[in-house]
Amino acid sequence: MTTPRVLFWHRRDLRLTDNLGLAAAAAISPAVTGVYVLDPQVISPSEHLLPMAPARLWFLIESLIELQQRWRDAGSRLLVVEGDPVQLLPQLAERIAAEAVVWNRDVEPYARERDRQVAQRLQADGRKVVVDWDQLLIAPELLKTGGGDPYRVYGPFLRNWRGQVQAKQPVTVPAPAGLVDLDPAAVPSGEPLMARRDSHGFKGTELCPCRPGEAAAMQQLTSFCDGALFGYEPDRNFPGVVGTSYLSAALSVGTLSPRQAWSAAQEAREQARSEEQLHAIAVWEQELCWREFYQQALFHFPELSDGPYREQWRRFPWENNEDWFDFWREGQTGMPIIDAAMRQLNQTGWMHNRCRMIVASYLVKDLICDWRWGERAFMELEVDGDLAANNGGWQWSASSGMDPKPLRIFNPATQASKFDAAGDYIRQWVPELRHVNTKDLLSGEIGALERRDYPEPLVNHKTQQAKFKALYATIRS
DNA sequence: TTCAACTTACG
DNA sequence: GTAAGTTGA
């Protein structure tokens, strides 16, 4: 009698270490084969889904190439195929005679419907399907208010989440080893990965601060928790300072797990030498909670991805000036802090989170442009583009989301003065303004002579803010 | 049912 | 100080 074969389907968990689904698969049998499906719906521009940025495609491909090596080191292999998972997975399971197929759950509406169809077909063929949560510290079903409803507000969610995490004390599981490979005769032909490696179209692979692959993610985590984490608060606020983890892409494609991140933070707590440092660690832990808050929000309210959560925002009379939007996207608005941030994103695939809030507020509240245009633009450019986090962030900026709050209007000049006081960040990304004095650089009020070829400001913040408020008054109930 | 709380940021 | 009204206990 032969060992039963198990198929493990990687999706947003591109690692062997601390992969709960993979550990479950290896517990069934050492004869585990991995598969990743390059789904054209996900990796190519499509009508219904938000696009995947070239930067993210690069990160994905490189992470997969490393993952294949790790599978070989573990004794088995990772197959990479291209096509529709609903067709391909049942075919592959049949071909390798898999008794069980295992994967980790996702929160995105497209993924959930896809997974439902895949599971249905596999089960119809008599195969066992094993799925559970891996990409969240606490499963979304376990986080409910006293009334049994999902949370709509971050604060109460944080209290519940933190309590459950502390009670659970998340631990990581090791990578499987000594796996049993397929019979060579059963290995399907075709390998689309290397062809994709040179065709992702991303030019900023050297500049991007997020590094692909499981090993690089662990290195980044270790060095962050050894240094910048202790000063995370307040350093995280300053885009010109290396004060954040740059782990967003790794957490999004799953080259790093949230348990690994949490555990590293707990080890750092042991090393902390002051209340300030402990507080800084707590603030980073809260950022991990934001990630889970937005994922559980999308899980319980999938309609978030279709547009504004609050009904009245569906009738907001946006200006939607396409020229303004293009200037914003390219970093040519004439407001230096905005242009610096958008150029950082265009060139490196990544933007500092403080700047994401500033440019989002500017697009929505100053240019009076539909936040969904900005949501799509971010997904087209970001190495860490993630539906739940990106949609949550844009709805937050647009004031159309779940949190009860006043109308949030950032003053870009005030933001620049507070968080890039010396103008270092602006000068780095808008080099043609390096000669301009800091005061003018921050305010954006630059004389024609000094400005040279740099554009005049598209709009005046004060008048646009007044205009936005007037338009907002028309949709208030 | 009442009432505190709300990623603050702006002026 | 004020925004702005909804959430959650």
Side-chain angles (χ1 to χ4, degrees), chain A residues 140 142-164 232-239 243-245 248 279-297 300-301 304 308-313 316 335 337-338 351-366 371 388-421 442-444 460-477:
Chain A
L142 299 178
L143 288 154
K144 295 290 177 62
T145 67
D149 298 319
Y151 286 98
R152 295 167 162 81
V153 175
Y154 174 73
F157 177 87
L158 169 64
R159 277 184 283 280
N160 188 339
W161 180 87
R162 197 201 282 128
Q164 291 199 48
Y232 185 69
E233 173 69 18
D235 293 354
R236 69 186 180 118
N237 285 308
F238 307 105
T244 64
S245 72
S248 48
H279 177 62
I281 296 168
V283 170
W284 191 62
E285 289 168 357
Q286 286 183 35
E287 294 302 319
L288 295 174
C289 183
W290 271 103
R291 173 179 173 276
E292 308 218 353
F293 174 68
Y294 283 139
Q295 289 205 29
Q296 69 91 34
H300 291 296
F301 306 99
L304 280 164
Y309 176 74
R310 289 182 190 282
E311 192 56 37
Q312 64 268 34
W313 284 96
F316 189 91
M335 187 64 199
I337 186 66
I338 303 298
M351 189 198 292
H352 191 278
N353 189 57
R354 166 61 52 183
C355 295
R356 295 191 200 203
M357 294 191 285
I358 301 172
V359 302
S361 176
Y362 185 81
L363 182 70
V364 175
K365 308 285 165 60
D366 286 61
W371 63 267
N390 189 50
N391 178 274
W394 276 97
Q395 299 236 26
W396 183 88
S397 289
S399 314
S400 72
M402 297 190 294
D403 265 355
K405 61 202 159 311
L407 207 55
R408 257 186 264 278
I409 300 180
F410 281 30
N411 182 325
T414 306
Q415 289 284 316
S417 301
K418 278 188 181 170
F419 302 113
D420 188 32
L442 299 176
S443 69
N460 174 278
H461 175 66
K462 204 174 168 186
T463 56
Q464 291 304 103
Q465 184 187 7
K467 188 168 185 181
F468 189 92
K469 284 180 176 171
L471 292 174
Y472 178 59
T474 69
I475 66 161
R476 280 165 70 177
S477 37

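Rounded to an integer number of Å, the gap from CZ of A:Arg152 to P of C:dA9 is 12 Å. One can place CE of A:Met402 at 19 Å from P of C:dG5, the figure rounded to the nearest angstrom. Distance A:Asn237 CG to B:dT8 C1': 11 Å, rounded to the nearest Å. We find that CD of A:Glu285 is positioned 19 Å from P of B:dT7, with the value rounded to whole Å. In this structure, A:Phe157 places its CZ atom 13 Å from P of B:dT7, rounding to the nearest Å. Protein atom NE2 of A:His279 is 12 Å distant from nucleotide atom C1' of B:dT7, rounded to whole Å. The CG-C1' distance, from A:Asn160 to C:dG8, rounds to 12 Å in whole Å.
The C1' atoms of B:dC6 and C:dT2 are separated by 14 Å, rounded to the nearest whole Å. Taking atom P in both C:dA9 and B:dT7, one finds a spacing of 14 Å when rounded to whole Å. As rounded to the nearest Å, B:dC3 and C:dA4 have C1' atoms that lie 16 Å from one another. Taking atom C1' in both C:dT6 and B:dC10, one finds a spacing of 22 Å when rounded to whole Å.
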Test side chain to side chain contact (heavy atoms under 4.5 Å, CB included) on A:Lys144 and A:Asp149; report intermediate values, then the result. CA-CA 5 Å; A:Lys144 295 290 177 62; A:Asp149 298 319; 5.8 Å; no
One pair to check against side chain to side chain contact (heavy atoms under 4.5 Å, CB included): A:Arg162 and A:Glu285. What are the steps and the verdict? CA-CA 9 Å; A:Arg162 197 201 282 128; A:Glu285 289 168 357; 5.9 Å; no
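A donor-acceptor pair under 3.5 Å links the side-chain atoms of A:Arg310 to the main chain of A:Gly401, judged by distance alone. The main-chain N or O of A:Phe410 is never found under 3.5 Å from a side-chain atom of A:Gln415 such that the two would form a donor-acceptor pair. Remark: side-chain polar atoms of A:His352 are not paired, donor with acceptor, to backbone N or O of A:Thr244 under 3.5 angstrom. Judged by distance alone, with hydrogens and angles left aside, the side-chain atoms of A:Ser361 form no donor-acceptor pair with the main-chain N or O of A:Met357 at under 3.5 Å.
Nucleic acid contact for A:Asn353: base, since at least one base atom lies under 4.0 Å from a heavy atom of the residue.
Classified by interplanar angle (parallel below 30°, tilted 30° to 60°, perpendicular above 60°), the ring pair A:Tyr232/A:Trp284 is perpendicular. Note: A:Phe293 and A:Trp290 have perpendicular aromatic rings, judged against thresholds of 30 and 60 degrees for the angle between ring planes.
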What protein N or O atoms touch nucleotides 9-11 of chain B N or O atoms at under 3.5 angstrom, if any, and at what distances?
{"unit_1": "B:dA9", "atom_1": "OP1", "unit_2": "A:Arg354", "atom_2": "NH1", "d": "3.2"}
{"unit_1": "B:dC10", "atom_1": "OP1", "unit_2": "A:Asn411", "atom_2": "N", "d": "2.4"}
{"unit_1": "B:dG11", "atom_1": "OP1", "unit_2": "A:Gln465", "atom_2": "OE1", "d": "3.4"}

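Paired regions of DNA chain B, where each region holds three or more successive Watson-Crick or G-U pairs whose two hydrogen-bonding distances fall under 3.5 Å, are B:2-6 with C:5-9, B:8-10 with C:1-3.
Checked against the 6.0 Å centroid threshold, A:Phe316 and A:Phe468 count as a close aromatic pair.
Each of A:Lys467, A:Gln465, A:Gln464, A:His461 was scored for a side chain to side chain donor-acceptor pair (under 3.5 Å) with A:Asp366, with one residue passing: A:His461.
Closest to the side chain of A:Arg476, from the set C:dT6, C:dA4, B:dT7, is C:dA4. For A:Thr145, the listed nucleotide lying nearest its side chain is C:dA9; candidates were C:dA4, B:dT7, C:dA9.
Under 4.0 angstrom from either OP1 or OP2 of C:dA9 there lies at least one side-chain N or O belonging to A:Tyr151.
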